[in-house]
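Letters A, B, ... mirror the listed sequences (proteins, then strands); counts begin at 1.
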2 protein chains.
Amino acid sequence: MEDAVQALEGSSMTVAGRLALAIHEHRLAPGTKLVEDEVGEIFGVSRTVVRAALQQLAHDRLVTLKRNHGATVAQPTIREAREVFEARALLEPRTARSAAERTKPDDIVRLQRHIDEEHDALHAGDAGRALRLSGLFHIEIARIADQDTICAFVSQLVARSSLIIALYWQRRNALCESHAHHALLRALAENDGASAEELMKGHLLDLVSSLDLRNLPGPPRTLAEALGR
Amino acid sequence: MEDAVQALEGSSMTVAGRLALAIHEHRLAPGTKLVEDEVGEIFGVSRTVVRAALQQLAHDRLVTLKRNHGATVAQPTIREAREVFEARALLEPRTARSAAERTKPDDIVRLQRHIDEEHDALHAGDAGRALRLSGLFHIEIARIADQDTICAFVSQLVARSSLIIALYWQRRNALCESHAHHALLRALAENDGASAEELMKGHLLDLVSSLDLRNLPGPPRTLAEALGR
DNA sequence: GTCGGCGAAATTGTATACAATGATCCACAC
DNA sequence: GTGTGGATCATTGTATACAATTTCGCCGAC
């Protein structure tokens with residue numbers, strides 16, 4: 001089953017989507033260099049379309065683009081990590097509220113399927129896929145709220161969150177996710193906007209508190225990066 | 001004086017910045033076709049860099065990119081217009097609050113200068129430039145709040161707002177702007193977060209109410225567009 | 001042994017060439 | 001006169017070629 005990252009036309013979109021998926025699922029680690037020729041060879045396209053894809057990903061802050069130095073998978077700083085979750089705290093709770101106020105039965109089954117698949121993936125040992133599905137749950141809520149603009153922002157923030165989790169996740173408290181999502185689902189099913197807003201707010205707070213955002217810099221990917229460019 | 005749109009390296013950034021500026025200042029109307037060869041000729045670069053610039057602008061939703069049909073300056077629908085201001089309502093008031101809590105004297109003079117220049121531009125008959133400066137005021141506040149991520153979102157929303165104003169502005173009530181910005185400036189100067197938040201909320205509401213967002217579709221640009229693609 | 005610089009290799013930035021797709025216009029049949 | 005078909009043109013999509021820049025290894029001087 002191909003994800004919603006796809007469905008966009010144009011081969012550069014395809015390349016961008018597949019790279020994004022790999023990043024979401026933690027198969028491409030933060031800091032990984034993305035050489036245009038290599039990527040092009042892998043996907044069987046020319047550098048032209050690879051460059052377009054990389055530019056797109058750079059705009060979503062999934063890769064960092066430095067002039068004459070090419071693209072690397074982004075390594076959000078602690079500061080950026082905090083900012084991302086502050087932005088999510090501003091956007092998602094209110095969005096969850098308006099989503100709840102217009103949730104229809106169809107939406108519930110779709111969300112339930114996300115939760116189930118996430119559960120399956122986790123038990124199959126595919127943590128990357130589980131994480132990706134967990135993010136899609138949030139995006140789906142923004143979509144139910146019927147706010148394309150906010151949905152786009154949330155999508156971007158969720159994507160960056162995936163990178164942040166890759167860098168700053170601490171092992172303890174592993175399975176807080178499912179509970180929160182289940183509770184949210186129930187609030188949505190009952191069209192209980194106030195609860196949905198509160199639950200989302202709490203869920204996001206739980207998420208940041210499961211991160212290790214103290215002053216330690218994230219593990220640098222190359223020695224060169226560690227000593228400054 | 002070159003604007004903050006610039007300062008980005010890379011020639012495609014330059015092209016994107018100059019196009020964006022033209023759109024902000026309403027010198028490029030919504031719906032205008034942007035042919036790659038033409039733009040390239042104007043700026044003295046090849047289609048390669050023009051395409052990169054257009055892609056960037058498309059990501060900011062300033063231009064619409066349709067496969068095999070090229071780029072046009074975006075024409076936000078009424079629905080999109082509402083969404084943009086709903087997103088701004090979610091982001092900007094709280095951001096104004098935290099900006100107020102950390103506003104320093106330097107910031108005040110910078111904001112004051114924005115207001116003054118806006119005033120000058122208006123009296124010089126350069127409404128486009130005035131609008132642009134008015135938008136920069138909002139962006140500057142997000143910057144003072146020291147939130148890069150939210151600042152990027154606000155920048156994008158302000159840019160789209162410029163297009164929305166171009167399409168849906170109604171003549172009556174012309175000069176509500178300056179008062180609101182002045183009041184905001186005072187709240188910031190006094191580090192009064194609560195007031196800043198309220199003022200921003202009200203200011204955004206004023207803005208949408210000065211738009212004509214009833215069901216009439218925006219003026220279509222070409223006959224072909226009017227009859228469906 | 002270490003530092004500095006020179007040169008080759010690798011990589012990105014930009015332009016151009018060609019292919020593919022869609023738009024336009026004119027001829028021709030009805 | 002109207003509508004349809006096809007050739008031509010304009011424009012975008014993609015690949016490739018070349019220039020500019022950076023990186024890395026090697027060599028020599030101190």
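The shortest distance between the side-chain N/O atoms of B/His69 and the OP1/OP2 oxygens of C/dA23 is below 4.0 Å. For C/dG13, the OP1/OP2 oxygens have a side-chain nitrogen or oxygen of A/Arg51 closer than 4.0 Å. Between A/Ser46 and the phosphate of D/dA15, there is a side-chain N or O to OP1/OP2 separation shorter than 4.0 Å.
Per the geometry, CD belonging to A/Glu41 stands 15 Å off C1' belonging to D/dT16, to the nearest Å. Atom CD of A/Gln55 is separated from atom P of C/dG13 by 9 Å (rounded to the nearest Å). At whole-Å resolution of the value, CG in B/Leu54 and P in D/dT12 are 9 Å apart. Across the protein-nucleic acid pair, A/Lys66 atom NZ and C/dT11 atom P stand 16 Å apart, rounded to whole Å. Rounded to an integer number of Å, the gap from A/Asp37 CG to C/dG13 P is 12 Å. Between the P atom of D/dT11 and the CZ atom of B/Arg47 lies a distance of 11 Å, rounded to the nearest Å. Taking atom CD on A/Glu36 and atom P on D/dT14, their separation rounds to 16 Å, with Å as the unit.
Mapping B/Val45 and A/Gly70 onto DNA chain C by nearest heavy atom places A/Gly70 closer to the 5' end of the strand. Nearest-nucleotide positions on DNA chain D for B/Leu34 and B/Thr48 put B/Leu34 closer to the 5' end. Mapping A/Asn68 and B/Val35 onto DNA chain D by nearest heavy atom places B/Val35 closer to the 5' end of the strand.
When each of B/Ile139, B/Leu91, B/Thr95, B/Asp146 is tested with B/Cys151 by the rule side-chain contact (heavy atoms from CB on, under 4.5 Å), just one qualifies, namely B/Ile139. Of the listed residues (B/His26, B/His24, B/Arg132), just one forms a side-chain hydrogen bond (donor to acceptor under 3.5 Å, both in side chains) with B/Ser162, and that residue is B/His26.
Ring centers of B/His203 and B/His138: under 6.0 Å apart, within the cut-off.
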Checking A/Leu62 against A/Leu19 for the side chain to side chain contact (heavy atoms under 4.5 Å, CB included) test, could you report, in this order, the C-alpha distance in whole Å, the side-chain angles of both residues, the deciding distance, and whether it holds? CA-CA 10 Å; A/Leu62 275 149; A/Leu19 283 173; over 6 Å; no
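Counting heavy-atom neighbours within 6.0 Å of A/Lys33 NZ, excluding the residue itself, gives a total above 12.
Side-chain to base pairing of B/Arg67 with C/dG22: no donor and acceptor N or O lie closer than 3.5 Å to each other.
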